[in-house]
Protein chains: 2
Amino acid sequence: MKKLDSSFKIIKQKLHEAGFKLTPQRELTVEVLLEKEKDHLSAEEIYLLVKSKNTGIGLATVYRTLEILTELQIINKLTFQDGIARYDLNMNSEKHQHHHLLCLKCGNIEEVKQDMLFEIEKEIERDYQFVVRDHRLTFHGLCRNCSNRQETEEG
Amino acid sequence: MKKLDSSFKIIKQKLHEAGFKLTPQRELTVEVLLEKEKDHLSAEEIYLLVKSKNTGIGLATVYRTLEILTELQIINKLTFQDGIARYDLNMNSEKHQHHHLLCLKCGNIEEVKQDMLFEIEKEIERDYQFVVRDHRLTFHGLCRNCSNRQETEEG
DNA sequence: CCTTAGCTGATAATGACTATCACAAAATAC
DNA sequence: GTATTTTGTGATAGTCATTATCAGCTAAGG
């Protein structure tokens, strides 16, 4: 687990630099985020996962930790159409986000690594005189599994 | 107000076709949406505007009406990062949404009429085997007014 | 050791939204 | 044309994610 270890170190360093203490609760929350970095967990889900690591963490502490991590841009807080906040590791500290593919059938969220929006951003900045800092792009549709299933059902 | 009148007619027609009654509450809600079509109102804001038209409408009725209008694709329900649903007239019944420019300073939401994502969607469908039905794209940044103000403050 | 600041957990409060329920209005049955 | 079912409404209670509060804990410095 070399990669997780180094990411963990970097995050702890960032917390320390910003003057926050490295409490066990915060370490465990970061640990869960690193272990589930492919998922897009809600605060509640993170809370349950941390609690399952035999610690009695409070829900409020999870929310506070996520707030700090968001401020430090270690994670991104994302809100899809259901209005529930989900959190997403932002390892490579890029200015720009990856995009998301939200399946309308199973609700799964997949990531798109490429950005592909530079040209469009340039157009926006020129045509609308709007200074772009970031963006959120989500495609709604059917994931591989669900679209296959749909075909066989319909056929 | 020719344009509003014809839009109004079309919407009433759609409601009728779908088997919904044209109650005064529903008409007034549509009226408000048409009058404020540039804005992106929350349910609460729509409620207050309808109430100010001297009717004692209930908040629940507004929510119910917005739900119906969303089902019929007359309006779009959008959730930005604050988690509050906002509603947006979808006059031209295009498959695809316009995009949004959310100002991080004043909170204003501007619209981008062009779509510009066809090429990217094709890439997504090919590379991720994901059937795209719709998308949501929001740019976060500074609107014209706020970026000008920022410059003079910093200069 | 004592004080202070930073953290935590339990829980109350908030705020957007949804469900419920009794009543009204309209459509349909008889 | 009245009875009955359906649809819609307003008030309000309930839900659920999130935030604020507050007493107690913990670590650090004097």
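On a predicted model such as this, the values are computed, not experimentally measured, just so you know. Order of the sequence lines sets the chain letters (A, B, ...), proteins ahead of strands, with each chain counted from 1. The figures that follow rest on heavy atoms only: side chains count, while hydrogens, waters and symmetry mates do not.
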By side chain to side chain contact (heavy atoms under 4.5 Å, CB included) - contacts of [X] (at least two apart):
{"X": "L49(A)", "value": "V32(A), K36(A), L41(A)"}
{"X": "Q13(B)", "value": "E17(B)"}
{"X": "Y63(B)", "value": "A43(B), L59(B)"}
{"X": "A18(A)", "value": "F20(A), L72(A)"}

Bounds of contact between DNA chain D and chain A, in 5' to 3' order, using a heavy-atom cut-off under 4.0 Å =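 On DNA chain D, the outermost contacted nucleotides are dA17(D) to dT21(D).
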
Rounded distance (Å) that lies between atom [atom2] of [N] and atom [atom1] of [X]:
{"X": "L41(B)", "N": "dC17(C)", "atom1": "CG", "atom2": "P", "answer": "13 Å"}
{"X": "E44(B)", "N": "dT14(C)", "atom1": "CD", "atom2": "C1'", "answer": "13 Å"}
{"X": "E67(B)", "N": "dC17(C)", "atom1": "CD", "atom2": "P", "answer": "12 Å"}

Polar side chain donor-acceptor pair, R26(B) to T29(B), under 3.5 angstrom =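 Result is no, nothing qualifies.
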
Taking only residues two or more places apart in sequence, or in another chain, which ones meet H100(B) in a ring-ring contact (aromatic ring centres under 6.0 Å, His included)?
->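 Checked H100(B) against ring-ring contact (aromatic ring centres under 6.0 Å, His included); matches are H40(B), F80(B), H98(B).
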
In the hydrophobic clustering that connects Ile, Leu, Val, Met, Phe, Trp and Tyr at side-chain heavy-atom distances below 4.5 Å, which members other than F118(A) occupy its cluster, ordered by chain and number?
->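 Cluster partners of F118(A): none, it stands alone.
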
Other than V131(B), what residues sit in its cluster of Ile, Leu, Val, Met, Phe, Trp and Tyr side chains whose heavy atoms are under 4.5 Å apart, directly or through others?
-> L142(A)

Can you give one letter per nucleotide of nucleotides 2-9 of chain C, going 5' to 3': B for a protein heavy atom under 4.0 Å from the base, S for sugar-phosphate only, - for none?
-> ----SSBB

